[in-house]
Amino acid sequence: MYDRVAPPRSEAELLERAQELAGLGLGQLAARFGEQVPGEPRRAKGYAGRLLELALGADAASRPEPDFTRLGIELKTVPVDAAGLPQESTYLTLAPLRGLTGLAWAESAVRRKLARMLWVPVEGTREVPMAARRIGWPVLWSPSAEQEAALRHDWEELMLLLTTGQLSTLDARHGQWLQIRPKAANARVLAAAHDETGAPAADLPRGFYLRARFTAQILSSAAGALA
DNA sequence: GCGTGATCATGA
DNA sequence: TCATGATCACGC
């Protein structure tokens, strides 16, 4: 079979690996692992992300930890259009719906995820078949002071709505850069939450997402999005 | 069933 | 056209 790629031992090694993948099509990369890219895009959500995890040696295995556990780095692939602009928001982490009293930004899961991230743009326009979509130039990123302040502002606004049990008024329009949207297999899924009075209740699981216009800043801070 | 990886598809 | 709300696949 095919050996699993060993986790990178340093940021530099991880970045080098990602840079070596730039310009490759997803089909070419998949072939290195004896895989074929799924044919139907609707059934291939998340495939590019899983393939890049495999190729770069991510070791978190879908546990709620950074993808590169030893380096504390989170990997995100982001679909971009022909101009290199992100086409979609980026999922960060589940939003806590219960037991969130006293939760501070400094200890939040959102901040931990954002602390250090490797962004890999991938061609994502629907006209391009999955296998032909090319991997772009990677960006190793941490938030600037201004970016972190803006994200913290959004997070605190959103968390206030969560802690007061105002799930019914919380929708994806809140937040300038961060937003909260459903994150579930379907709209019938329920997670432990609480109501406006603080009593236990169940509600649709939600996740924190980074808006595409924020991700655009990250990608444009580096040179070309596509190699 | 949950949290991970995300993108799809429809209404505004 | 575009973002919101809904959905699809995988590992365990």
Side-chain angles (χ1 to χ4, degrees), chain A residues 4-5 7 18 26 29-30 33 35-69 73-83 85-99 108-110 112-114 117-131 133 135-136 154 158 161 167-193 202-216 218-219:
Chain A
R4 181 158 47 242
V5 175
L26 292 181
L29 183 56
F33 299 96
E35 289 189 10
Q36 278 205 323
V37 177
E40 196 188 338
R42 196 163 104 79
R43 305 227 170 248
K45 297 180 189 180
Y47 181 77
R50 288 191 297 276
L51 184 59
L52 268 292
E53 286 185 338
L54 183 64
L56 295 174
D59 58 349
S62 78
R63 283 171 288 132
E65 295 176 31
D67 296 296
F68 302 95
T69 53
I73 296 177
E74 180 72 17
L75 171 69
K76 287 296 176 189
T77 63
V78 53
V80 295
D81 62 19
L85 292 173
Q87 296 184 296
E88 291 286 350
S89 56
T90 298
Y91 169 73
L92 289 177
T93 186
L94 281 176
L97 301 183
R98 180 182 286 183
S108 67
V110 171
R112 284 199 300 276
K113 291 268 184 183
L114 289 167
M117 307 184 89
L118 180 66
W119 294 88
V120 180
V122 175
E123 274 185 314
T125 51
R126 299 187 194 184
E127 304 80 64
V128 183
M130 286 280 298
R133 295 180 185 180
I135 297 165
D154 281 350
L158 295 167
L161 293 171
L167 275 180
S168 53
T169 60
L170 203 186
D171 64 31
R173 296 179 203 97
H174 289 88
Q176 187 180 5
W177 307 112
L178 261 186
Q179 64 179 173
I180 288 182
R181 300 217 307 277
K183 174 58 172 166
N186 59 65
R188 278 89 63 196
V189 174
L190 293 175
D203 214 313
L204 182 63
R206 319 294 167 97
F208 282 100
Y209 293 80
L210 226 37
R211 293 186 184 277
R213 64 173 184 269
F214 185 88
T215 313
I218 297 173
L219 296 185

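Within every chain, numbering begins at 1; the chains are lettered A, B, ... in the order of the sequence lines, protein sequences first and strands thereafter.
Nucleic acid contact for A:Gly46: base, since at least one base atom lies under 4.0 Å from a heavy atom of the residue. Base engagement by A:Ala185 is indicated by at least one non-hydrogen atom pair under 4.0 Å involving a base atom. Using a 4.0 Å heavy-atom criterion, one finds that A:Glu74 contacts the sugar-phosphate atoms exclusively. Within the 4.0 angstrom heavy-atom criterion, only backbone atoms of the sugar-phosphate kind lie near A:Glu53; the bases stay farther away.
Closest contact between the side chain of A:Lys113 and the listed nucleotides B:dG5, C:dT7, C:dG5 involves B:dG5. Closest to the A:Ala172 side chain, of the nucleotides B:dT7, C:dG5, B:dC8, is C:dG5.
For A:Tyr91, the ring pair (Phe, Tyr, Trp, His ring centres under 6.0 Å) criterion is met by A:Tyr209, not counting sequence neighbours. For A:Arg173, the side-chain hydrogen bond (donor to acceptor under 3.5 Å, both in side chains) criterion is met by A:Asp171, not counting sequence neighbours. Looking at residues two or more places apart in sequence or on another chain, you find a side chain to side chain contact (heavy atoms under 4.5 Å, CB included) between A:Glu40 and A:Arg42, A:Arg43. Residues that satisfy the side chain to side chain contact (heavy atoms under 4.5 Å, CB included) test with A:Arg98, not counting sequence neighbours, are A:Ala192, A:Pro200.
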Contact list (N/O, under 3.5 angstrom) for nucleotides 9-12 of chain B vs protein:
residue, atom, partner, partner atom, Å
B:dA9, OP1, A:Arg42, NE, 3.2

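Residue pairs meeting the salt bridge (charged side-chain N to carboxylate O under 4.0 Å, His left out) criterion with at least one partner in residues 176-192 of chain A, sequence neighbours excluded, do not occur; the list is empty.
Side-chain to base pairing of A:Lys183 with C:dT7: no donor and acceptor N or O lie closer than 3.5 Å to each other.
Position along DNA chain C of the nearest nucleotide to A:Arg213 versus A:Arg50 favours A:Arg213 as the more 5'-ward residue. Sequence order on DNA chain B of the closest nucleotides to A:Val189 and A:Ala184 puts A:Val189 first from the 5' end. With DNA chain B read from its 5' end, the first of the two nearest nucleotides for A:Asp67 and A:Ala191 is the one closest to A:Ala191.
Taking 4.5 Å as the limit, some side-chain heavy atom of A:Phe33 sits within range of a side-chain heavy atom of A:Val5.
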